[in-house]
*Asks:* 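I am attaching a structure below and will ask some questions about it afterwards.
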Amino acid sequence: MGVQKIVLLSIFVMFNVFSLVSCTEFEAGGENGWNIPQSSNQSDMFNQWASKNRFKVGDTIRFKYKKDSVLVVTEDEYKKCQTTKPELYSNHDDTVFKLDRPGLFYFISGVSGHCEKGQKMIIKVMEVESPPQSPPPSSSLAASSTHKKNHAVRKTSRFLGAGLVTISILALTVFSVV
C-alpha cells in the first residue's frame with residue numbers, strides 16, 4: 001500500500017510541478033536592430049516597435065549593435081536621456097536582457113547624443129494572466145501568432161528547473177522503494 005501512495009503522490013506532483021514555460025526572445029527594434037534612427041520621422045521607432053509586441057515575464061530582449069551600448073534606467077533618466085547609475089550597462093555588441101517582472105522597463109543608448117536622436121525604448125511587460133475560461137476566437141489566435149512571429153527572434157519552451165529536480169528525487173525514491 002505504501003508504494004501505491006508514493007506512485008499516486010508522484011503523479012500528482014508531476015502534474016502540478018512539471019509545468020511548461022514558454023518564453024520569447026525579441027530583437028530590439030526588429031530587423032533594424034539597436035541603431036540610431038536615420039531620420040527625425042523615425043525618432044520614435046523603438047517605442048513603435050515595442051508597442052507592436054506583447055512582452056511577458058521571462059521573455060528576453062536581444063540588443064545587437066556596433067560601437068554602442070544599452071542602459072536600463074529609471075523613467076526620469078529616460079526622459080532626460082541621462083543617467084549616473086543605470087540599473088544595467090552593457091557595451092558588448094550583443095546584450096540579452098531578461099524581463100524578470102511585470103511593469104515598465106526603460107532602455108537608452110549610453111553613447112552621447114544617441115538617446116536624444118531617438119535611440120531609446122520603453123517596454124511594458126504584462127501582468128501574469130490567469131488561464132482564460134473559454135478559448136478566444138480563432139481569428140484573434142491567428143492574428144496574435146502571426147503578429148508574434150514577425151517580431152520575435154525565437155520562441156523557446158523549457159521545463160522549470162525546480163520541477164525537474166523534484167521529479168528526479170521522487171523517481172529515485174519510488175524506484176528505490178520498489
Side-chain angles (χ1 to χ4, degrees), residues 20-158 160:
L20 184 66
V21 177
S22 176
C23 300
T24 304
E25 182 175 279
F26 294 88
E27 185 169 329
E31 294 175 5
N32 299 324
W34 184 242
N35 297 308
I36 309 166
Q38 297 302 310
S39 65
S40 60
N41 63 346
Q42 292 182 320
S43 64
D44 200 34
M45 69 182 223
F46 291 106
N47 285 333
Q48 289 174 7
W49 171 83
S51 71
K52 293 176 185 176
N53 291 287
R54 200 172 161 103
F55 304 98
K56 61 186 181 313
V57 175
D59 287 348
T60 56
I61 308 295
R62 180 176 296 274
F63 293 85
K64 289 186 177 182
Y65 49 88
K66 300 278 186 220
K67 297 182 181 178
D68 208 320
S69 61
V70 61
L71 288 74
V72 179
V73 298
T74 65
E75 181 180 7
D76 286 340
E77 293 168 327
Y78 173 87
K79 289 176 181 176
K80 295 176 186 174
C81 282
Q82 288 184 310
T83 184
T84 54
K85 294 181 183 178
E87 295 175 36
L88 170 102
Y89 170 83
S90 181
N91 63 353
H92 298 281
D93 296 338
D94 190 14
T95 301
V96 177
F97 181 80
K98 185 174 183 176
L99 302 169
D100 60 356
R101 59 172 173 77
L104 299 175
F105 288 86
Y106 299 90
F107 300 92
I108 64 173
S109 169
V111 174
S112 181
H114 287 198
C115 179
E116 290 84 349
K117 292 178 182 175
Q119 195 176 359
K120 61 183 183 173
M121 175 173 61
I122 302 171
I123 288 188
K124 181 179 181 180
V125 177
M126 305 305 292
E127 293 283 339
V128 177
E129 296 179 12
S130 58
Q133 296 299 325
S134 60
S138 61
S139 61
S140 70
L141 274 177
S144 74
S145 64
T146 302
H147 185 71
K148 182 87 87 172
K149 189 181 288 184
N150 290 338
H151 302 285
V153 173
R154 110 185 105 156
K155 188 165 191 153
T156 58
S157 296
R158 63 178 185 254
L160 292 174

*Asks:* If we ignore hydrogens and angles and just use 3.5 Å, is the side chain of Gln38 paired with the main-chain N or O of Ile36 as donor and acceptor?
*Replies:* yes
*Asks:* Please examine the side chains of Ile61 and Phe55, heavy atoms only from C-beta on, and report whether any two atoms are closer than 4.5 Å.
*Replies:* yes
*Asks:* So, Trp34 side chain and Lys120 main chain: donor-acceptor pair closer than 3.5 Å or not?
*Replies:* no
*Asks:* Do Asp94 and Phe63 have side chains that get closer than 4.5 Å, going by heavy atoms?
*Replies:*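 No, their side chains stay 4.5 Å or more apart.
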*Asks:* How far does CD of Glu75 sit from CD1 of Ile122, to the nearest 0.5 angstrom?
*Replies:*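 One finds 7.0 Å between CD of Glu75 and CD1 of Ile122.
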*Asks:* Between Gln48 and Ser51, do the side chains contain a donor N or O and an acceptor N or O under 3.5 Å apart?
*Replies:*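 The answer is no; no qualifying pair exists.
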*Asks:* Counting only N and O atoms by type, is there a donor-acceptor contact under 3.5 Å from the side chain of Tyr65 to the main-chain atoms of His92?
*Replies:* yes
*Asks:* Does a side-chain heavy-atom distance below 4.5 Å link Phe105 with Leu99?
*Replies:* yes
*Asks:* Testing the basics here: between Ala28 and Met121, what is the closest heavy-atom pair and its distance to 0.1 Å?
*Replies:*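 For Ala28 and Met121, the tightest heavy-atom pair comes out as CB-CE, 3.9 Å.
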*Asks:* Please find the pair of heavy atoms, one from Gln82 and one from Ile108, that lie closest to each other, and give the distance.
*Replies:*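 Between these two residues, the closest heavy atoms are N-CD1, 4.4 Å.
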*Asks:* So which atom in Asn32 and which in Met45 form the shortest heavy-atom distance, rounded to 0.1 Å?
*Replies:* CB-CE, 4.2 Å
*Asks:* Apply the test salt bridge (charged side-chain N to carboxylate O under 4.0 Å, His left out) to residues Arg62 and Glu27: give CA-CA distance (whole Å), side-chain angles for both, the deciding distance (0.1 Å), then the verdict.
*Replies:* CA-CA 5 Å; Arg62 180 176 296 274; Glu27 185 169 329; over 6 Å; no
*Asks:* Would you call Lys56-Asp59 a salt bridge at under 4.0 Å N-O?
*Replies:* yes
*Asks:* Can you find a heavy atom in the side chain of Ser109 that is under 4.5 Å from one in the side chain of Asp68?
*Replies:* yes
*Asks:* What's the spacing between Cys81 SG and Gln119 CD if we round to 0.5 Å?
*Replies:* 10.0 Å
*Asks:* Under 4.5 Å between any side-chain heavy atoms of Phe107 and Ile123, yes or no?
*Replies:* yes
*Asks:* Nearest 0.5 Å, please: how far is NZ in Lys79 from OG1 in Thr74?
*Replies:* 9.5 Å
*Asks:* Can you say whether the rings of Tyr78 and Tyr106 are parallel (under 30°), tilted (30 to 60°) or perpendicular (over 60°)?
*Replies:*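 Tilted.
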*Asks:* For the pair Phe97 and Val72, evaluate side-chain contact (heavy atoms from CB on, under 4.5 Å) and give the outcome as yes or no after the intermediate values.
*Replies:* CA-CA 9 Å; Phe97 181 80; Val72 179; 3.7 Å; yes
